[in-house]
Protein chains: 2
Amino acid sequence: MSKNCRFAVAVHVATLLAQNSGASATSDWIAGSVNTNPVVVRRILSALAKAGLVTSQRGIAGGSVLARPPAAITLLDLYRAVDEQGPQSLHHQPPNPACPVGARIVPVLEDILSRAEQAKERELGRITVADVLAAVHTPQCGARTVA
Amino acid sequence: MSKNCRFAVAVHVATLLAQNSGASATSDWIAGSVNTNPVVVRRILSALAKAGLVTSQRGIAGGSVLARPPAAITLLDLYRAVDEQGPQSLHHQPPNPACPVGARIVPVLEDILSRAEQAKERELGRITVADVLAAVHTPQCGARTVA
DNA sequence: ACAATTGTAACCACATTGGTTACGAACTTA
DNA sequence: TAAGTTCGTAACCAATGTGGTTACAATTGT
């Protein structure tokens, strides 16, 4: 599990923008729904903008909008935009190359972690922001997001 | 991605124990292959022992052995034994319940993250310590590990 | 000109991580 | 029994990452 809540905030923000359907939303207004600081929201929006998922405008009528229709943005897009994967999941120090296991374990581990990560991302790629918005709008159906 | 390397170390340790096939391995010897401190190894071994995956013995002939055959230990077993999932992946503060999205987003997010995590775990559950040992093993590399 | 808004930098308090030292408990052997 | 080895665990440390906050320049519409 990621130890940060940036992905959760990104999904929340994207869902808000989707619900806003074209109207510009300020970071202050978004922060009011997420219940955090506007700067935190702007940091997320900045990452999403770098990934081409939202566009923002400064000034008195400024704010952010989705750059694509909600059905054309997957949670994988949000995940990749927001989750800077530090290369920190393996050994701190390289294992002992004089040990047969230590000498060859790293590429094996990389392959394993890569496959596990791909399985996770495949799942996130199946869900769009439109799905999340629909799930949020039909609470009586439980948390189902994909048919 | 997890921000720690406990899972990587756990797989490394389990693979070493599997290669040792029954012989007792000390934390000092294992630490020599992982290239870390024996206490770090003992912390991992302690978590694995709590999950019933290894058994350890103190004393001059002490050390650790796998509690089950390598083919009966999946990487999911190791992952669950070692990765204390802090409930830290969602919002720090609960979202604003006065906002339709904020009021309903949390269970939706929980469902999404749960499914993504399940996909990852399903993948890890398919791989056993025996598989890792086979992947690591090279016949011309000698029969015994030396730290 | 003015007010509102974004974009960022800077800093802080807090949590987590792996590494290290230390020491008591348990175990084997002589 | 005595000695030596090993585990188990607590305590502490430096490094890192996190979200929250303040501050301020740049941009934009009225």
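Labels below follow one simple rule: chain letters A, B, ... track the order of the sequence lines, proteins then strands, and each chain is numbered from 1.
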*Of all residues at least two apart in sequence or in a different chain, which pass the side-chain contact (heavy atoms from CB on, under 4.5 Å) check with A/Asn37?*
A/Val39, A/Val40
*asked:* In this structure, how many angstroms lie between the C1' atom of D/dA15 and the NE2 atom of A/His92, rounded?
replied: 10 Å
*To the nearest Å, give me how far apart CG (A/Leu17) and P (C/dT6) are.*
11 Å
_Euclidean distance, atom CH2 of residue A/Trp29 to atom P of C/dT5 [Å, nearest integer]_ = 13 Å
*Would you give the length of the straight line joining atom OG1 of A/Thr128 to atom CG of A/Leu75, rounded to the nearest 0.5 angstrom?*
7.5 Å
*Any side-chain heavy atom of B/Ser33 within less than 4.5 Å of one from A/Ile105?*
no
_When you measure from the side chain of B/Ser46 to the backbone of B/Arg42, do you find a donor-acceptor pair of N or O atoms at a distance under 3.5 Å?_
no
*Does A/Ser46 have a side-chain nitrogen or oxygen under 4.0 Å from the phosphate oxygens OP1 or OP2 of C/dT8?*
yes
*asked:* For a quick check, tell me whether the side chain of A/Arg6 and the base of D/dG17 share a donor-acceptor pair closer than 3.5 Å.
replied: no
*What nucleic acid atoms does B/Ser27 come within less than 4.0 Å of, heavy atoms only: base, sugar-phosphate, or nothing?*
sugar-phosphate
*Checking B/Asp28 side chain against B/Pro38 main chain: does a donor-acceptor pair fall under 3.5 Å?*
no
*asked:* Taking B/Glu123 first and then B/Arg126, would you say they form a salt bridge - that is, a charged N and a carboxylate O separated by under 4.0 Å?
replied: yes
*asked:* Give the residues of residues 30-42 of chain A touching DNA chain C, defined as any heavy atom closer than 4.0 Å, sorted by residue number.
replied: A/Val39, A/Arg42
*Would you say the side-chain atoms of B/Asn96 pair up with the backbone N or O of A/Gly32, donor to acceptor, closer than 3.5 Å?*
yes
_Inter- and intrachain pairs under ring-ring contact (aromatic ring centres under 6.0 Å, His included), touching residues 10-55 of chain A, at least two apart_ = A/His12-B/His91
_Nearest-angstrom distance from the residue atom CZ of A/Phe7 to P of D/dG17_ = 21 Å
*asked:* In whole Å, I'd like the distance from the CD1 atom of B/Ile44 to the P atom of D/dC7.
replied: 15 Å
*Heavy atoms only: give me the nearest B/Leu78-B/Leu48 pair and the separation to one decimal.*
CD2-CD2, 3.9 Å
*B/Ile60 side chain: which of D/dG20, D/dT5, C/dG18 is closest?*
D/dT5
*Quick one: A/Asn4 CG to C/dT17 C1', roughly how many Å, whole number?*
15 Å
*DNA chain D contacts among residues 47-56 of chain A, heavy-atom distance under 4.0 Å*: none
*Quick one: bend of the helix from C/dA1-D/dT30 to C/dA30-D/dT1 from 5 pairs per end, to 10°?*
20°
_Using only atom types and a distance under 3.5 Å, with no angle test, would you say the side chain of A/Asp111 pairs donor to acceptor with the backbone of A/Val108?_
no
_All pairs passing side-chain hydrogen bond (donor to acceptor under 3.5 Å, both in side chains) where residues 51-63 of chain A contributes a residue, at least two apart_ = A/Ser56-A/Ser64
*Name the residue closer to the 5' end of DNA chain C, choosing between A/Ala61 and A/Arg43 according to the nucleotide with the nearest heavy atom.*
A/Ala61
*C/dA4 C1' sits how many Å from A/Asp28 CG, rounded?*
10 Å
*Taking N and O atoms by type only, does the side chain of B/Arg58 place a donor or acceptor under 3.5 Å from a partner on the base of C/dC27?*
no
*Say whether B/Thr15 and B/Gln19, considering side chains only, have a donor N or O and an acceptor N or O under 3.5 Å apart.*
no
*How long is the line joining NE2 of A/His91 and P of C/dG18, in whole Å?*
12 Å
